[in-house]
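As structure tokens, the structure follows; a few thoughts come after it.
So that the names make sense, note that chain A is the first sequence line, chain B the second, and so on, each numbered from 1.
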Amino acid sequence: MARERRLRRRHAQRAYVIGILRIAYKLLVNDKGKFLALLTGITFSVFLMIQMTSMFAGMMKKASATVMNTGSKVWVMDHAVTNVSSVIPMPDYVLHAVRSIDGVKFAVPLYSGGGLVRLRSGNYQPVTVLGLDDTSLFGRPMLLEGKIEDIYAENGFVVVKDDEYEKLENPTIGTQFEINDNRGVIVGIAKVPASGLFGIPTLYTTFNRAIQYIPSMRFTISYILLEPKSAAAIPYIRSEVRKLGYDVLTEDGFIDRITTWYMWHTGMGTNLVLMTAISFIVGLSISGQAFYSFTLENLEKFGALKAIGAKGHELVAMLLFQAFITALAGYGLGIGLCAGLIALARLKVPDYASIITYSNLFTALGMVTLIAAFSSYIAVRKVLKIEPFDIFRS
Amino acid sequence: MTTAAIHADGLTKFFGEGETKVIAVNNVSIEAHFNEMLYVVGPSGSGKTTLLSMISGVLRPNSGTVLVKSIDVWSLSENQRADFRLNTVGFVFQDFHLFPRLTTAENVAMPLILRRRAWKDAMKEALHYLDVVGLSSRAELHPQKLSGGEQQRVAIARAIVSSPDVLIFDEPTASLDGDTGKRLIQFVRDQILTDKRCILVVTHDARIYEFADRILRMEDGMIVGIDERGSADA
């Protein structure tokens, strides 16, 4: 009996909540003009916020391409290195010292530098050259064509088939070219997870050939790629490497350092923050204004509802639900619009640097929640303040 | 007219303080009965709306008590008073205050939704009351598509849908032409007034005085005269 009563009460409670929210929903969507204004405000705000942060994420992915493509868990480098291309070569002894640290499974050198390729057409094209450890070829890319052993053949280079590939005039296996006045031959075509930020094609070769073909300083090792015996060994390895005067970063740590550098030392971050803030303010003002005028239009009706017997929390629930629905719809539309635009842009510009990451989505969700909270706050204040008696006096 | 539906005693309400103090209602006592249509009439600013607001639990008096069906309205908490208004009082506002974005049926169902009735039941009940006021064919229309008289009827359906004991009409004919106003009040008198209901009407409209059981005349916040049915000036 008591259970039945409880069930009935729960059923009535659910029906009541659904009823209240249904009324709120109808009040919102049936006012098509204002609903559209609200949606437009939030949609464009979300679109702009996600677009801005996606472009930054896309650029950062490209800026960290070498780190991601190489796939090394731990990187050893000079303390002053801020991004992959700002290489500060290290002497050979650092490699030997690192190899002798407890907890290091293996350590190999990586060369990273730039070369100038003269193509068969006579055109010149700058390239990024990555020199892999001759013994292990650790960090090698996945080959689409050719055999990785052929990289040891005379003048062997592997070309990355990414968005920049055609800048090398679409080479095939056996294509010859000149690099810094040396002969080069394509022995493999590879694919990598990410291509570089500056639109330069990438060639892989062995470490020794790279330092032979590319003019270098006295020291030649750009990075040491290190495999620890376990993740727990990394702090000890780090402390030992620091004693040598060098830095140890995990893959994520290196990507963070690159991102931080671009964010705060290149002006990109300031622009990103500014544009995101402007998008937020635009969304806030359009949505806040539209929601406020929507509430104002219904204010007397809400007052009448209060007189009839609606309680404050019921009206607040209605307003919050309306703000939630609008925010959710605007958020979804904004993401859709942004994803659509990125897809469209990639049809024309395959290299278009923009990716929607989870953190972009969460950032936009947080901001849209703020917009909804602010919009509903001013509306709630207004509705809670209205006295039913004012309805009689009107 | 048998039992007292409303018993208000010594109601006083003033606004402002010091030199700006205005006494809207000054020590007014009234009694209204079931099956009675009681008018409160008087010039603008005489305090009639203030009096009705205090009786219906909308505006707290500075002094005095209001008993509706023996419930002391102003001893209730705010939430209890909201429930009291929802369950015991029905309002028909001067400007109707119907939600323009809801259909007439949804407008009428609103008090039932607030009373935790399931949507389907509430809509069914709303349709019944729209039928009572002769507007069942207009259930799916939005209020702005209706004439003033029809909107007033929708407001009446909304006021009676939760079967309240007391109905409050605030200037019910102010937005209607003379004939429509008369027909509406005739309809209210014939169809809505029952021996379980008391109707209070605030009005300026002398053309509808003939439908009142009693008329309280207010001036400067005080009752200056009471006319019984048949004795009122038309």
Side-chain angles (χ1 to χ4, degrees), chain A residues 7-36 38 293-318 321-322 383-384 386-394, chain B residues 13 15 24 48-54 56-60 78-103 106-107 109-123 142-143 155 158-159 161-162 164 168 170-171 202:
Chain A
L7 275 174
R8 248 204 315 273
R9 211 176 310 138
R10 203 176 300 162
H11 180 74
Q13 178 69 17
R14 207 176 57 192
Y16 155 72
V17 172
I18 290 172
I20 291 275
L21 299 186
R22 198 162 168 176
I23 291 282
Y25 176 78
K26 281 173 174 260
L27 284 176
L28 177 72
V29 299
N30 286 354
D31 192 349
K32 291 187 178 64
K34 289 209 175 62
F35 184 52
L36 205 66
L38 269 170
S293 74
F294 170 79
T295 309
L296 276 190
E297 192 195 77
N298 286 307
L299 196 60
E300 286 190 343
K301 277 80 189 176
F302 280 121
L305 270 187
K306 258 186 168 179
I308 286 171
K311 298 179 187 75
H313 69 262
E314 290 166 337
L315 301 179
V316 170
M318 287 170 85
F321 182 69
Q322 289 171 338
V383 165
L384 287 182
I386 186 158
E387 289 293 334
F389 179 57
D390 297 334
I391 303 308
F392 284 106
R393 280 199 294 203
S394 73
Chain B
K13 180 71 191 177
F15 298 101
K48 31 189 210 305
T49 297
T50 307
L51 177 64
L52 248 64
S53 301
M54 289 190 288
S56 57
V58 165
L59 182 68
R60 181 178 286 281
E78 199 170 320
N79 275 348
Q80 285 171 330
R81 216 162 41 248
D83 282 335
F84 158 79
R85 291 198 298 268
L86 188 60
N87 297 313
T88 313
V89 186
F91 294 91
V92 179
F93 304 104
Q94 184 177 339
D95 298 328
F96 320 136
H97 292 304
L98 300 170
F99 279 98
R101 310 295 172 192
L102 299 180
T103 64
E106 287 160 354
N107 266 290
M110 194 79 94
L112 296 175
I113 301 288
L114 293 172
R115 289 179 77 177
R116 298 171 182 243
R117 290 282 289 276
W119 182 269
K120 248 186 189 168
D121 292 349
M123 294 306 289
H142 287 85
R158 181 177 67 180
V161 73
S162 51
I168 307 267
D170 187 23
E171 303 283 4
V202 163

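Comparing Arg85(B), Arg101(B), Glu78(B) by how many heavy-atom pairs each has under 4.5 Å with chain A, the most go to Arg101(B). Options Arg14(A), Lys26(A), Glu387(A), His313(A) differ in how many heavy-atom pairs under 4.5 Å they form with chain B, and the most are formed by Lys26(A).
For a residue to count as touching a neighbouring chain, one of its non-hydrogen atoms must lie under 4.5 Å from one of that chain's; by this rule Thr50(B) touches chain A with backbone and side chain alike. For Lys32(A), no part lies under 4.5 angstrom from a heavy atom of chain B. Only the side chain of Arg158(B) comes within contact range of chain A, with at least one heavy atom under 4.5 Å from a heavy atom of that chain. Neither the backbone nor the side chain of Ile18(A) comes within less than 4.5 Å of any heavy atom of chain B. Only the side chain of Leu59(B) comes within contact range of chain A, with heavy atoms under 4.5 Å apart. Neither the backbone nor the side chain of Leu112(B) comes within contact range of chain A, judged by heavy atoms closer than 4.5 Å.
Remark: the backbone N or O of Leu384(A) is paired with a side-chain donor or acceptor of Lys306(A) at under 3.5 angstrom. Ser56(B) contributes a side-chain N or O that, together with a main-chain N or O of Ser53(B), makes up a donor-acceptor pair within less than 3.5 Å. Side chain of Arg22(A) to backbone of Trp119(B): no donor-acceptor contact under 3.5 angstrom is found.
Classification of the His97(B)-Phe93(B) ring pair by plane angle, with boundaries at 30° and 60°, yields perpendicular. Below 30°, between 30° and 60°, or above 60°: for Phe302(A) and Phe99(B) the angle between ring planes is above 60°, a perpendicular geometry.
Residues Thr103(B) and His142(B) meet the side-chain proximity criterion, which asks for heavy atoms closer than 4.5 Å.
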